[in-house]
There are 2 protein chains.
Amino acid sequence: MDKNNTDIYVQLLKDRGLRVTPQRLQILKYLNIHKNHPDVTTIFTALRKENPALSKTTIYNTLEALAEHGLVQVLTITPTENRFDAGDRMHHHFLCKHCNKIYDIEIECPHLNRMLEGEFKVDEVHGYFKGSCPSCLKENAKNDHIQNKNIKGLKKDTSKC
Amino acid sequence: MDKNNTDIYVQLLKDRGLRVTPQRLQILKYLNIHKNHPDVTTIFTALRKENPALSKTTIYNTLEALAEHGLVQVLTITPTENRFDAGDRMHHHFLCKHCNKIYDIEIECPHLNRMLEGEFKVDEVHGYFKGSCPSCLKENAKNDHIQNKNIKGLKKDTSKC
DNA sequence: TACCTAAGTTGAAATGATTACAAATCGGGT
DNA sequence: ACCCGATTTGTAATCATTTCAACTTAGGTA
Ligand SMILES: [Mn+2]
Ligand SMILES: [Mn+2]
Ligand SMILES: [Zn+2]
Ligand SMILES: [Zn+2]
């Protein structure tokens with residue numbers, strides 16, 4: 001449960017028959033501590049500080065291996081780059097199209113049972129919302145007061161609950 | 001209702017204050033006829049045949065404009081390229097990770113009301129499932145019989161209903 | 001109808017994410 | 001300590017998307 005303790009990550013890898021390497025431990029630990037859904041470049045830039053020899057290719061290779069074994073999730077919520085999340089617990093996500101931040105959304109979902117009339121074999125379930133986050137809405141309201149300049153695509157929501 | 005009649009697309013554009021251009025009509029009609037969630041290159045390759053001067057940049061520009069006005073949806077279901085869908089009716093999608101096909105999934109979803117405790121302004125709701133489609137499952141079973149070679153990541157689903 | 005201009009289109013070049021590949025290194029079993 | 005297949009690394013493709021400036025056009029106006 002101690003996210004800073006390397007031993008648990010060693011065990012997670014061993015349990016899955018994956019070799020234990022410093023890079024895998026590094027990346028696994030990073031994702032479990034930083035729950036802000038980083039992209040490859042963000043992870044790379046951060047981890048390179050403690051390990052200057054780290055290669056970006058390793059980040060790609062490692063994330064692919066970890067994802068294949070259910071240790072990380074790949075979020076395809078952005079139109080451009082993949083974002084990553086530790087663990088395999090399904091939960092919903094909200095992407096703010098202004099600041100590009102991804103928020104965890106904890107709501108009930110009847111689709112979690114991962115079955116679709118038995119015809120498809122479902123490995124992953126993703127629930128994505130996109131729009132404007134509270135912080136950007138607030139920022140926009142402030143600017144509106146000063147100047148009549150709206151954030152692109154930011155209009156009043158007229159849907160009723 | 002006649003997907004081949006250009007007039008309805010002209011009207012859709014005019015209703016939104018968008019200029020009516022042959023390229024926009026072409027793309028709009030294409031997406032309304034081909035409901036297989038194509039990517040930019042697929043659209044480009046297809047439309048180029050009837051209009052050799054068409055530019056890929058125009059596909060990007062047009063899709064962006066149409067998406068902004070709710071005439072098309074951008075699906076970020078694949079890790080690599082964006083896929084597109086006509087209209088703005090929300091529905092779920094299934095991505096087969098073997099053949100890369102995207103299926104429409106018609107199921108009830110309680111999140112369609114597009115509100116999240118009033119804190120976020122939700123513009124889009126996406127429900128994505130990923131796994132193996134019936135066709136690929138069948139194909140895989142056949143090959144398994146001949147040779148003991150499994151499609152990568154294709155394991156038995158043990159979830160109960 | 002002829003004209004004007006902002007909006008749209010085009011193609012080439014830049015950018016950025018991801019993949020391919022081959023050589024160097026390393027984990028873990030003997 | 002040794003060995004070998006797995007992993008890491010750096011470089012060079014590849015591929016989707018964006019930028020940009022010149023050219024063209026849709027649609028409003030006289
Ligand atoms: Mn998350
Ligand atoms: Mn669809
Ligand atoms: Zn935001
Ligand atoms: Zn398939």
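The structure presented is a predicted model; accordingly, all values stated were derived computationally and were not measured. Keep in mind that the numbers below use all heavy atoms, side chains included, and drop hydrogens, waters and symmetry copies. In what follows, chains carry the letters A, B, and so on, assigned in the order in which the sequence lines appear, proteins first and then strands, with residues in each chain numbered from 1.
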Using a heavy-atom cut-off of 4.0 Å across all strands, would you classify B:Ala53 as base, sugar-phosphate, or nothing?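 Sugar-phosphate, backbone atoms only, no base.
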
Go along nucleotides 12-25 of chain C 5' to 3' and tag each nucleotide: B for a protein heavy atom under 4.0 Å from its base, S when only backbone or sugar atoms are that close, - otherwise. B----SBBB-----

Check the angle between the aromatic planes of [X] and [Y] and answer parallel, tilted or perpendicular using the 30° and 60° thresholds.
X        : Y        : answer
B:Phe120 : A:Phe94  : tilted
B:His93  : B:His37  : perpendicular
B:Tyr128 : B:His126 : tilted

Side chain to side chain contact (heavy atoms under 4.5 Å, CB included) partner of A:Gln73, the single match among A:His91, A:Arg83, A:Glu124: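 In the set A:His91, A:Arg83, A:Glu124, the residue that makes a side chain to side chain contact (heavy atoms under 4.5 Å, CB included) with A:Gln73 is A:His91.
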
Check: B:Thr62 side chain, B:Thr58 main-chain N or O, donor-acceptor pair, under 3.5 Å: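 Present.
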
When the distance from [atom1] of [X] to [atom2] of [N] is rounded to whole Å, what number comes out?
X       : N      : atom1 : atom2 : answer
A:Glu64 : D:dT8  : CD    : C1'   : 14 Å
A:Arg48 : D:dT8  : CZ    : C1'   : 14 Å
B:Ile59 : D:dA16 : CD1   : C1'   : 14 Å
A:Leu63 : D:dT7  : CG    : P     : 14 Å
A:Arg24 : C:dC26 : CZ    : P     : 15 Å
A:Leu47 : D:dT8  : CG    : P     : 13 Å
A:Gln26 : D:dT7  : CD    : P     : 17 Å

When clusters are formed by joining ILVMFWY residues with side-chain heavy atoms under 4.5 Å apart, either directly or through shared neighbours, do A:Leu75 and A:Leu71 land in the same one?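 Each belongs to a different hydrophobic cluster.
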
A:Phe84 and A:Ile77: same hydrophobic cluster, using ILVMFWY side-chain contacts below 4.5 Å?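 Looking at the clustering, A:Ile77 is in a separate group from A:Phe84.
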
I want to verify a distance call: between D:dT8, C:dG8, D:dT9, whose nearest atom is closest to the A:Leu54 side chain?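 Nearest to the side chain of A:Leu54 among the choices is D:dT9.
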
Steps toward side chain to side chain contact (heavy atoms under 4.5 Å, CB included) verdict (B:Asp39, B:Thr80): CA-CA 10 Å; B:Asp39 62 7; B:Thr80 41; over 6 Å; no

Below 4.0 Å: OP1/OP2 of C:dC26 and any side-chain N or O of A:Gln23: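 Checking C:dC26 against A:Gln23, no side-chain N or O comes under 4.0 Å of OP1 or OP2.
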
Just checking B:Glu108: does its CD atom have more than 12 heavy atoms from other residues, nucleotides or ligands closer to it than 6.0 angstrom?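 No, because the 6.0 Å sphere around CD of B:Glu108 holds 12 heavy atoms or fewer from other groups.
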
In this structure, are over 12 heavy atoms from other groups packed under 6.0 Å from B:Lys14 atom NZ?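 Check fails, neighbour count at 12 or below.
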
Are any of the side-chain nitrogens in B:Arg89 or B:Glu106 under 4.0 Å away from the carboxylate oxygens of its partner?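 Salt bridge flag = yes for B:Glu106 with B:Arg89.
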
Inter-axis angle, terminal five-pair segments of the helix from C:dT1-D:dA30 to C:dT30-D:dA1 [nearest 10°]: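 Comparing the axis at each end, I get an angle of 30°.
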
N/O contacts under 3.5 Å, protein versus nucleotides 27-30 of chain C?
unit_1 : atom_1 : unit_2  : atom_2 : d
C:dG27 : O3'    : A:Val20 : O      : 3.4
C:dG28 : OP1    : A:Val20 : N      : 2.8

